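Working notes, beginning with the structure itself.
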Amino acid sequence: MADLGFPAPTRRLARAVEAFFVEQGRDLPWRADRSPYRVWLSEIMCQQTRVQVAIDYFTRFVERFPRVEDLARAPLDDVLAMWSGLGYYARGRNLHRAAQVVAFERDGRFPDTAAGLRELPGVGPYTAAAIASFAFGRTEAVVDGNVMRVLSRLCLDDGPLDEPATKRRMTARALALAEAADHAPTLAEGVMELGALVCTPKAFRCDACPLSTMCEARDADVVALYPVKKKPRPRTLVEVCAVVVHQDGAVWLERREAKGLFGGLYEVPATPLDGAAPAKVARQLLEARGLSAPGRLRKTATVARTLTHRELVFHVYSVPVDGAHDPLRAGDEVSGVGLSTAMREVLRAGWPAAERFLPG
DNA sequence: AAAACGGGGGA
DNA sequence: TCCCCAGTTTT
């Protein structure tokens, strides 16, 4: 086997991590019962999301959908409504699809190997390994951001995080550790826990680390310089015109197509400005829907939301209407569909009754 | 290999 | 402000 660059025997490293997890691992809701369904659900929710945030969503989901069949039978809109605010909504859409595959094509049973799990929508290399390990006790290389950080420091690996070659090295190391462990799942979860609690990006606590005496970055006093990252891409400004058409306790909502940004979520009539005047675009949005615009449209507010690569600025127009209108949704229906945090803000800004119907 | 895809909490 | 989080999918 090629040299993995460990600063100490894998057996010693593995035992130290396992002991750390047994003694200091957190009592997270999804650790109480390691059923495949709960492990899968928690892992999907935790993707690119802080554990503290995922906890609330996980608790609500298992209460509302106790079994994978319950999730599979629910309308997608219900699932996305529950997912509202969590972000990366493709996860919610894939979650629903995967639940249907498991419930309807596999008799409710999850695949019990990483390769099998990998076939489910939304389950990539990390999640497949995590479920195979935590739920089925398999010896897998479970490599997430925490693991990459811990191992890059431990082995003084200066490969950029987003390069496949770096990922391959980390995977080989994670597998070697899992194979050297007493209990592979404990090791795997332990490395992640170490990254989450001790070997953190900024405020790392080497004094509390079970690996500190073996860590190469620590030896060289360069922990803060690892892992190595590439330069981030700049953000671009996107201005959007949003028209909040409302009638008392009802508001006009439309469903976005089920892909791309905020896919499958609901929104008020809206479109990017593309350099046009907001008032003019607002009028066009209304006319395209057969709505009579008042003599003069008044901008109600500006709502700004920052995404990873985009700065969204909504020019919000509040437009009261009367008479019957089709896509006008009663307030109590609004909480039953998927809404992005950005759209919640837009609704709050342009719909007088929003406070009565939008939680938070 | 690079880009797309949310949101928020902490430094 | 910037960073970065229990990553996956698409281009």
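Here the structure is a predicted model, which means the values were calculated and not measured. So that the names make sense, note that chain A is the first sequence line, chain B the second, and so on, each numbered from 1.
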If hydrophobic residues (ILVMFWY) are linked whenever their side-chain heavy atoms come closer than 4.5 Å, directly or via other members, who joins A:Val223 in its cluster? A:Phe204
Clusters formed by hydrophobic residues whose side-chain heavy atoms approach within less than 4.5 Å: which one holds A:Leu175, and what are its other members? none
Output the residues of residues 54-68 of chain A in contact with DNA chain C, where contact means a heavy atom of the residue under 4.0 Å from an atom of the strand; sort by number or write none. none
Numerically ordered, the residues 132-147 of chain A set in heavy-atom contact under 4.0 Å with DNA chain C is A:Asp144, A:Gly145, A:Asn146
Between B:dG6 and C:dT10, how far apart are the two P atoms, rounded to whole Å? 13 Å
What distance, rounded to whole Å, do you find between the two P atoms, one in B:dG10 and one in C:dA6? 13 Å
Check the distance between [N]'s [atom2] and [X]'s [atom1] and give it to me in whole angstrom.
X: A:Asp162; N: B:dA2; atom1: CG; atom2: P; answer: 8 Å
X: A:Glu189; N: C:dA6; atom1: CD; atom2: P; answer: 13 Å
X: A:Met170; N: C:dA6; atom1: CE; atom2: P; answer: 16 Å

Heavy-atom contacts, protein to nucleotides 5-11 of chain B, under 4.0 Å, summarised as B (base), S (sugar-phosphate only) or - (none) per nt, yield BBBBB--
Polar-atom pairs under 3.5 Å, protein N or O versus N or O of nucleotides 9-11 of chain C: list them with distances, or write none.
from: C:dT9; atom 1: OP1; to: A:Gly122; atom 2: N; distance (Å): 2.5

Salt bridge [X]-[Y], side-chain N to carboxylate O under 4.0 Å:
X: A:Glu311; Y: A:Arg305; value: no
X: A:Lys230; Y: A:Glu163; value: yes
X: A:Asp70; Y: A:Arg73; value: yes

Name the nucleic acid region contacted by [X], choosing base, sugar-phosphate or nothing; use a 4.0 angstrom heavy-atom cut-off, strictly under.
X: A:Trp30; answer: base
X: A:Ser42; answer: nothing
X: A:Ile131; answer: nothing

Salt bridge (Lys or Arg N to Asp or Glu O under 4.0 Å) with A:Glu345: which residues, sequence neighbours excluded? A:Arg348
May I have all residue pairs that pass ring-ring contact (aromatic ring centres under 6.0 Å, His included) and include part of residues 98-132 of chain A, sequence neighbours excluded? A:Trp40-A:Phe110
Atom pairs and distances, donor-acceptor, side-chain atoms in residues 53-65 of chain A, under 3.5 Å, two or more places apart:
from: A:Tyr57; atom 1: OH; to: A:Ser84; atom 2: O; distance (Å): 2.7
from: A:Tyr57; atom 1: OH; to: A:Leu86; atom 2: N; distance (Å): 3.4
from: A:Thr59; atom 1: OG1; to: A:Ile55; atom 2: O; distance (Å): 2.9

Taking a pair as Watson-Crick (N1 to N3 plus N6-O4 or O6-N4) or G-U wobble (N1-O2 and O6-N3), both under 3.5 Å, which stems of 3 or more consecutive pairs involve DNA chain B? B:1-5 with C:7-11, B:7-11 with C:1-5
For residues 141-160 of chain A, which residue pairs pass the salt bridge (Lys or Arg N to Asp or Glu O under 4.0 Å) check, not counting sequence neighbours? A:Asp157-A:Arg169, A:Asp157-A:Arg173
Of the residues in residues 226-238 of chain A, which ones touch DNA chain B at a heavy-atom distance under 4.0 Å? A:Lys230, A:Arg233
